[in-house]
There are 2 protein chains.
Amino acid sequence: MKRKQVMAHTSLLVLALLSAEDMYGYQMIAALSGKLDSTFAMKEGTLYPILHALENDGSVTSYEKEAAAGKPRKYYHLTMKGKLQLREEQSQWRAYQRAVDAVVSSAVLA
Amino acid sequence: MKRKQVMAHTSLLVLALLSAEDMYGYQMIAALSGKLDSTFAMKEGTLYPILHALENDGSVTSYEKEAAAGKPRKYYHLTMKGKLQLREEQSQWRAYQRAVDAVVSSAVLA
DNA sequence: TATCATACCTCGAAATTCTATGTATGTCAA
DNA sequence: TTGACATACATAGAATTTCGAGGTATGATA
């Protein structure tokens, strides 16, 4: 059983989402499943460990907030350090994208 | 020690290179290091196992050819199956790229 | 003859993502 | 009232991928 399409650049996606507004995990998954192609998605088992790691190195902070119904939500907030991190990863993504694209678009499709 | 930038979509890059002409491993590394940003590169420990895997599933075939000097080179040739594989991975890459870009470009850089 | 560049290869570590499962809360229908 | 469902968070272990480090071999060149 081979993986079809792998989620990557996950922390970049999370940081990008949080740059607009504070969000909680489950909400991010829903937001991404709307924007990402159906062939790949951010899974819970991928997201939560990433959030914890980002909090651990100070890129985000978190706080609990009661919801109208259900379990309380854990919101994440982008810190100054996180914003710098976002810019860094964003520029790396652009470089990567350009480089791969240069090779791929020069492919000869006979 | 954290990885800075990870090589991904490696088989796509290899297939794309081989679509233009038969190449040998060491040559592909040189070709990619020219096109890819200096922050990431195709490493030998990554490439050779990929070439063997591609040959194993019939996407490429190989043949030896003497060089003017040094060890004989092992050239790889893209098969029909490999061309189909290339198209498949190429379209997946485009979808992935668009999706990530949609999220990243909507980021708010305060 | 030693060093360097070319050229291939592989092992095991490290990193990353996915699968599967578990916990908890509240709603709603049967 | 209970069972199913949606929300919401979490983690352990498997699978996959890439990388670092080393090894082998050939010939040129200093």
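As the structure is a computational prediction, the values presented were derived from the model and not from experiment. Chain A is the first sequence line, chain B the second, and so forth, proteins listed ahead of strands; every chain is numbered from 1.
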Asks: Where the side chain of B:His52 is concerned, which of D:dA10, C:dT10, C:dC8 is the nearest nucleotide?
Replies: C:dT10
Asks: Output all residues satisfying side-chain hydrogen bond (donor to acceptor under 3.5 Å, both in side chains) with B:Glu88, sequence neighbours left out; order by chain, then residue number.
Replies: B:Gln92
Asks: Let me know the distance between CG of B:Leu47 and P of D:dT17, rounded to the nearest Å.
Replies: 15 Å
Asks: Who passes side-chain hydrogen bond (donor to acceptor under 3.5 Å, both in side chains) against A:Ser11, sequence neighbours left out?
Replies: A:Glu89
Asks: Show the nearest heavy-atom pair for residues A:Asp57 and A:Ser59, with the distance to one decimal.
Replies: OD1-OG, 2.8 Å
Asks: So, is B:Tyr24 near the phosphate of C:dA7, with a side-chain N or O under 4.0 Å from OP1 or OP2?
Replies: yes
Asks: Is the phosphate of D:dC9 approached by A:Tyr48 (side-chain N or O, under 4.0 Å from OP1 or OP2)?
Replies: yes
Asks: Tell me what A:Gly45 touches on the nucleic acid: a base, only sugar-phosphate, or nothing, going by heavy atoms under 4.0 Å.
Replies: base
Asks: Starting from C1' on D:dT7, measure out to CE on A:Met28 and report it in whole angstrom.
Replies: 15 Å
Asks: Could you give the OH-to-C1' distance, from A:Tyr63 to D:dC9, as a whole number of Å?
Replies: 16 Å
Asks: Separation of B:Glu66 atom CD from C:dT6 atom P, in whole Å?
Replies: 18 Å
Asks: Expressed as a whole number of angstroms, how long is the span from A:Ile50:CD1 to C:dC18:C1'?
Replies: 12 Å
Asks: Quick one: side chain to side chain contact (heavy atoms under 4.5 Å, CB included) partners of A:Ser62, sequence neighbours excluded?
Replies: A:Glu55, A:Lys74, A:Tyr76
Asks: Which atoms of nucleotides 22-29 of chain D (N or O only) lie under 3.5 Å from a protein N or O atom, and what are those distances?
Replies:
none

Asks: On DNA chain C, nearest-nucleotide positions of A:Ser11 versus B:Lys74: which is more 5'?
Replies: B:Lys74
Asks: Taking only side-chain N and O atoms of B:Thr10, does any of them lie within less than 4.0 angstrom of OP1 or OP2 on D:dT17?
Replies: no
Asks: Sort and list the pairs that fulfil side chain to side chain donor-acceptor pair (under 3.5 Å) and have at least one residue in residues 12-24 of chain B, not counting sequence neighbours.
Replies: B:Asp22-B:Tyr63, B:Asp22-B:His77, B:Tyr24-B:Arg73
Asks: Could you tell me which residues satisfy side chain to side chain contact (heavy atoms under 4.5 Å, CB included) with A:Pro72, sequence neighbours excluded, listed by chain and number?
Replies: A:Glu64, A:Glu66
Asks: From NZ of A:Lys43 over to P of C:dA20, roughly how many Å is that when rounded to an integer?
Replies: 10 Å
Asks: Which of the following nucleotides, C:dC18, D:dA8, C:dC9, is nearest to the side chain of A:Thr46?
Replies: C:dC18
